[in-house]
Amino acid sequence: MPDSAGSSQLPARVAAQSKDRSREPPALCASGLVVEVEGQRLLDRVDLTLRSGATTIIMGPNGAGKSLLLRVLHGLIQPTAGTVHWRTAGDGRPQRQAMVFQKPVLLRRSVAANIDFVLGLHGNRNRARRQVLLQTVGLADRAQQPARLLSGGEQQRLALARALAMEPSVLFLDEPTASLDPASVLWIEDIVRSTRGRGTTMLFVTHDVGQARRLGDEVVFLHRGQVCEQTPSADFFAAPTSSEARRFLAGLIVL
Amino acid sequence: MHDLDAALGLALTLVVTADADLLEIVGLSMTVSMTALALSCAIAMPFGALLGTCRFPGRGAVVVALNAMMGLPPVVVGLLVYLLLSNAGPLGFLHLLYTPGAMIIAQTVLITPIVAALTRQAIEDLHTEYAEQFRSLAVPGHVAIAALLWDGRWSLLTVALAGFGRAISEVGAVIIVGGNINHLTRVMTTAIALETSKGDLAMALALGLVLMTLALVVNALVFAVRHQTERHAHA
């Protein structure tokens, strides 16, 4: 189980990582992103550059456009204006992406078949690989159970295993631990942390300040569809530069 | 009333003693309707799934037309298939009129819109739930449709049952293209119609009993399978 002793070592590791990767081209350059629906601006001129291998936390009040930004960056929603440019893989093809949704959508099949479906998409249906993935999320002994009968936390872990089966270079997580019990949250944070250790670029939407502190390299704060600030994690929680983020954090602490 | 009692007694005797004529008629009914069901499922389920997942101009009109065709009157279908298969018709060279083959074609035409329309509804509901996840996983179209059909298999079982119920119980289409020829194209519904008009109520009643029992058994089977799997896999 991850604990505070583990997280206290994080900044050193992050610093070492950022030094290694500082010369690499950014994983993502998005500029001037606008999404308008029926005259309402849901995303307003968002510019975003993400470092390869970093975990970026996206925070902001409800309706700020966090999930929408994730979907636009993932390519699920076409922006009204602006460009999203992801770094290509070594062979010039787009890097693989995967997304874990707030509410997992599992196939009406067994736990194993849910993983096999994704592995099959890439033509490497492989029992051993499936077992490794299920072990990673602690579901190896549930392989033959119907996925839809798992508990909420187990379903989300399976959704995470399925995303990892894609072997993504970029992983989107849209409030994956909202409404989960603390044990499930820690499970998922553990997996996310080891995924970051493998150099996967991650975008993580969360409302949980503690979680953001534990997992994030940097924080992007959204308010009314605009990026108020993009700050390294340590600085953000010590002294956010935007007044919106200051009010947001103060509000949460009062709560 | 006495007539009815006697007929009912005779009918039960026919069923219990497994009367050869009765068995032949029931067997042909089942063969024709099951074949028609298999054919229409093979055509209508992929088509329904495609219609349930694709967006194109004029889709609404296709859906409305398909739903309207669920109510096709069997006699009209019989007449159209008769015109197609008659010696002067475009498919006359097949010499299928007044054979079980013609009856299979007629019933297939009759129930394909039903199976397609109900499949469209079932798959569209499932697609709404899966669409974003599938797009995120970059699932190719044909894989997505196969996955939706497989994951919707228990709903589709009910859809197939609706098609089978329509096929096995209709009389208008098979009597026109089959002709109710003894030992060749006589099925339960056409036999009931004939025997009733001849006054042989026992045979008609016996066939009616078998038809209703069959409907009951098939429904019970599907219910049991669904119940079992819902507990274990569907949730």
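The contact between A:Val118 and chain B is made entirely by side chain atoms (from C-beta outward), counting heavy-atom distances below 4.5 Å. In this structure, chain B has a heavy atom under 4.5 Å from the side chain of A:Arg71, while its backbone stays farther away. In this structure, chain B has a heavy atom under 4.5 Å from the side chain of A:Met166, while its backbone stays farther away. Contact annotation for A:Leu121: only side-chain heavy atoms (C-beta onward) come within less than 4.5 Å of a heavy atom of chain B.
Heavy atoms from other residues, nucleotides or ligands lying under 6.0 Å from CZ of A:Phe101 number more than 12. The local environment of CZ in A:Arg224 is sparse, with at most 12 non-hydrogen atoms from other residues, nucleotides or ligands closer than 6.0 Å.
Interface residues of residues 59-70 of chain B toward chain A, defined by a heavy-atom distance below 4.5 Å: none. Annotation: residues 122-145 of chain B contacts chain A through B:Leu126, B:Glu129, B:Tyr130, B:Glu132, B:Gln133, B:Phe134, B:Arg135, B:Ser136, B:Leu137, B:Val139, B:Pro140, B:Val143 [non-hydrogen atoms, separation under 4.5 Å].
A ring pair (Phe, Tyr, Trp, His ring centres under 6.0 Å) check over residues 67-90 of chain A, counting only residues at least two apart or in different chains, returns the pairs A:His74-A:Phe172, A:Trp86-A:Phe172. Sorted by first and then second residue, the ring pair (Phe, Tyr, Trp, His ring centres under 6.0 Å) pairs with a member in residues 25-81 of chain B form an empty list; sequence neighbours excluded.
The closest donor-acceptor contact from the side chain of B:Asp151 to the backbone of A:Arg108 lies under 3.5 Å.
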